[in-house]
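Proteins come first, then strands; the chains are lettered A, B, ... in the order of their sequence lines, and each starts at number 1. Values below: all heavy atoms of this structure, side chains included; hydrogens, waters and symmetry mates excluded.
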Amino acid sequence: MKKNIRVMVVDDELIVRESLSGWLKMDGYAVETAASAEDALDLLKKQRFNVMFLDNKMPGMDGLELLDRLKEEEPDMAVIMITAYGSIDGAIKAMKNGAYDYLLKPFDPNEIGLLIQKVIDYQGLAEENIILKDQIREKNRLESLIGQSKAMQNVFNLILDVAEAESNILITGETGTGKELVAKAIHTQSPRAYGPFIAVNCGAFTEHLLESELFGHEKGAFTDAVFAKKGRFELAQGGTLFLDEVGVISMKMQIDLLRVLEEKSFYRVGGTQPIEADFRILSATNRELGQAIQESIFRQDLYYRLNVITIHVPPLRERKEDIPLLANHFLRRFAKDLNKPFDNISRDALDEMMLYDWPGNVRELENAIERAVVVGRGRTIQAENLPFYKEKPSYTPKDGTLKEVEKGHIIEVLEETRWNISKAASTLGIDRVTLYNRIKKYGLKKPSDA
Amino acid sequence: MPEDNFIGLRPYGQIDLDILEVLVKELRQLFPFPIVILEACAPPDFAYDRGRQQYLAKAILNDLVKNAPQGCKRIAGLTDVDLFLPILTFVYGEAMLPGQAAVVSTYRLSGKNSENPVPFEMLAKRVVKEVVHELGHTFNLVHCDNKDCVMSFAHELDHIDKKAVRFCRYCSVLFSDALGQGL
């Protein structure tokens with residue numbers, strides 16, 4: 001149930017590692033162990049952890065030294081020091097140096113679970129805060145779903161095709177590609193358009209909060225349930241429920257969701273009256289759910305229920321022809337919002353944007369334009385206003401094979417045209433997109449503007 | 001004794017036969033396997049830790065697996081000694097997650113460590129809940145947040161008394177999944 005919470009146990013004693021990790025696994029946590037501080041650092045290079053149990057005294061780098069390193073490298077991870085009677089001074093020093101808490105060996109069995117729960121609740125609140133802020137920023141950005149590319153046209157066509165149906169749809173795509181916008185578009189094109197569109201970011205809630213958020217609760221259902229509250233299932237009645245980051249929901253919630261989908265009804269937490277589930281579910285994930293199924297952290301039966309139809313939103317690097325359209329759209333919006341006179345993007349800046357890979361996708365492009373509008377001067381966005389812009393070294397062509405001759409010729413033409421992509425493409429007799437693909441294929445970099 | 005796929009109960013030392021009979025009856029309600037009382041072993045002196053003056057639960061698990069009869073799908077040991085894990089002050093029971101063996105002690109469940117020994121019916125219920133809980137772990141079930149579920153983690157005797165002798169509906173689904181996966 002808590003497989004999403006990763007815990008590392010660092011102790012040089014095998015018996016402590018084994019018994020603590022065994023106990024934590026019974027409590028449902030995903031646990032890894034390390035026999036030394038050095039091994040722990042190696043593990044941290046491969047994956048992130050929420051909590052670390054760290055032995056104070058170890059040969060080599062000791063617990064306090066590792067704690068110092070972690071403060072800089074893993075500030076979000078909570079470190080709980082494990083200490084023996086007689087070493088409490090060290091534990092107190094560790095607390096002063098940023099450890100979350102300490103435990104004296106042997107522990108009372110109740111202590112560990114309560115302590116981890118406290119850490120997770122705290123981390124959950126911090127994350128929820130960040131996500132809520134993001135959600136406010138994300139509000140009303142439907143316009144980001146812009147694109148003339150074939151890839152986006154396919155998405156738009158698919159949206160129109162599936163909107164009329166009642167089928168559940170899984171929207172996949174990297175972060176920042178606009179999965180929620182696709183969901184909103186499906187909703188607004190569907191017969192449920194007059195009903196509500198209710199979105200839930202499943203990753204923003206702890207398991208308990210998500211249950212209450214989705215199902216609602218009756219007064220007195222649990223300690224904090226002072227009033228009865230409608231859940232998102234009820235709020236979405238007659239409309240569409242969008243479950244974002246569905247890949248992170250707990251096994252328990254997966255079982256509950258499956259039941260709602262199968263029985264078309266649900267109960268509020270603490271409730272005895274069934275409520276009809278009259279909503280369509282659209283869900284989204286940036287996780288590879290096939291792999292999650294193999295790892296037994298996502299149920300296959302639920303996957304098939306949610307994924308009647310898949311819509312994949314392509315990353316921006318696969319639809320670069322949409323960049324000028326999107327960039328100009330964002331430019332107009334931010335120029336207006338920030339009261340700046342920008343109305344143009346320079347050829348150089350546009351070329352830089354076309355050559356960049358955009359790992360954060362449309363959201364990153366939007367942020368880049370916002371930054372450029374904030375820091376730039378005049379009416380035109382310049383390449384140096386872009387956050388990823390760097391001076392680049394020149395490239396010397398080699399000749400020999402057909403490929404190298406082609407590469408050399410492209411470089412020559414680019415240099416002749418001073419990297420004016422349109423002119424170079426025209427000289428080479430190919431279109432701009434083909435030229436960009438060749439530039440990427442051969443790893444060509446624009447020389448510095450000097 | 002059935003030839004295959006049975007759950008064996010192995011007493012270490014003196015365990016009240018009446019408790020074993022209650023256990024067999026209750027386990028039959030929850031697990032779709034024959035339940036068999038195995039021959040009793042001597043008290044688990046091999047697991048005794050002088051420093052802690054308690055018995056190492058892991059050592060008993062290893063012993064149970066080593067001496068499990070052929071065809072025994074799961075084996076649950078029962079003992080009246082005080083069990084511990086190196087990092088914990090004590091445990092009522094311990095199990096392999098997932099795995100073949102589980103062990104439960106009546107030491108604290110019976111109130112033997114205090115001045116308030118409990119009546120037979122109460123002890124029998126506690127033992128049943130703890131054995132079901134530990135056997136649940138051997139089928140890869142982890143602790144459940146539902147306080148009524150037998151898989152909820154109970155550190156206080158009071159909680160053991162309050163929780164039910166059954167899996168909640170989530171744990172029932174996960175238990176069925178485990179059986180379906182051949183665990």
Option that, when pairs with chain B are counted at under 4.5 Å, heavy atom only, ranks first among A:D108, A:I112, A:V16: A:D108
For B:Q181, which atoms come within 4.5 Å of any heavy atom of chain A: side chain, backbone, both, or neither? neither
Does the plane of the ring in A:Y122 sit parallel, tilted or perpendicular to the ring in A:Y100? Use 30° and 60° as the thresholds. tilted
Listed by chain and number, what are the side-chain hydrogen bond (donor to acceptor under 3.5 Å, both in side chains) partners of B:D148, not counting sequence neighbours? none
Parallel, tilted or perpendicular, judged at 30° and 60°: which one describes the rings of B:H155 and B:F153? parallel
Does a donor on one side chain and an acceptor on the other come within less than 3.5 Å for A:Q117 and A:D121? yes
Quick one: what part of A:I82 sits under 4.5 Å from any heavy atom of chain B, side chain, backbone, both or neither? neither
Pair B:R10 + B:E39: basic N to acidic O under 4.0 Å: no
Residues 77-97 of chain B: residues contacting chain A (heavy atom under 4.5 Å, by number): B:L85, B:P86, B:I87, B:L88, B:T89, B:F90, B:E94, B:A95, B:L97
Is A:R6 positioned over the aromatic face of A:F49, cation under 6.0 angstrom from the ring centre and no more than 45 degrees off axis? yes
May I ask you to say whether B:D158 pairs ionically with B:K162, meaning some side-chain N is under 4.0 Å from a carboxylate O? yes
